[in-house]
Amino acid sequence: MERRNTITIPEERQADLEALFDEMLMCFNDIEDPQSYARQLLQGPFVRPFFQEYQRDYLDGREHLEEITQPGELARLCDEWDVFEHPAYKEDAAPDKSSWSVKQHTARFIIRVLHFSWRNGGRWKRGSWKYDRTYDIHGESDIEFFEVWGVLRYLQVEWEAANLVHWDVGHLRAWDTAS
């Protein structure tokens, strides 16, 4: 896969990327200034180090990037894999991920962000989603999962816009939660 040698986003991609950023802001409609909040969150300690790991272990050096798994399907897989309790997904020490799929990398990002936020008083504080949804009658844990998925989705698209020579925003079915 051919990559750009720059970290800036070409001007012709800005409008599409801004539209995707605006879609991501739906996650933060409870915040007074969601645009500023989201920009700080994306660069802050509750997201940035985990995206750097995702970038290093999944995005960088791949010949082909897969589409991030939609949140409905990913939540089902996370339930099957018991990722909230699995050390490979929740622990700081990273396992060998050389044979991991995009689903596994995405799950690790989401679980690491949520665990870190729960332990350190970040945006995502409910800490109740351990795939025993019996006690989560308001679906708050699903909302947290979806929000973190949306953050990763935007960050990957932003990375692609900045790094891929051939970037096609048309393939994105943003915020498709049905699958």
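- Shown here is E32, whose CD atom has no more than 12 heavy atoms of other residues, nucleotides or ligands within 6.0 Å.
- In this structure E158 satisfies the side-chain hydrogen bond (donor to acceptor under 3.5 Å, both in side chains) test together with Y154, sequence neighbours excluded.
- Contact between V102 and I68 at its shortest, heavy atoms only, is CG2-CA, 4.4 Å.
- A search for ring-ring contact (aromatic ring centres under 6.0 Å, His included) contacts involving F116 returns F46, F50, not counting sequence neighbours.
- Checked against salt bridge (charged side-chain N to carboxylate O under 4.0 Å, His left out), D92 has the following partners two or more places apart in sequence or in another chain: R112.
- Test W124, W149, W118 against E144 for side-chain hydrogen bond (donor to acceptor under 3.5 Å, both in side chains) and you get one pass: W118.
- A search for side-chain hydrogen bond (donor to acceptor under 3.5 Å, both in side chains) contacts involving R39 returns E18, not counting sequence neighbours.
- Contact detail for V47 and L41: the closest heavy-atom pair is CB-O, 3.4 Å.
- Every residue meeting the ring-ring contact (aromatic ring centres under 6.0 Å, His included) condition with Y89, not counting sequence neighbours, appears here in chain and number order: H86, W100.
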Exercise. Assess whether salt bridge (charged side-chain N to carboxylate O under 4.0 Å, His left out) is satisfied between E67 and R153, documenting all intermediate values.
Key: CA-CA 9 Å; E67 184 67 24; R153 170 98 172 188; 2.6 Å; yes

Practice problem: Begin from the C-alpha positions of E73 and K103 and carry the test salt bridge (charged side-chain N to carboxylate O under 4.0 Å, His left out) through to its verdict. | Solution: CA-CA 10 Å; E73 178 188 350; K103 294 171 186 172; 3.3 Å; yes

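- Every residue two or more places apart in sequence or in another chain was checked for a salt bridge (charged side-chain N to carboxylate O under 4.0 Å, His left out) with R48, and none qualifies.
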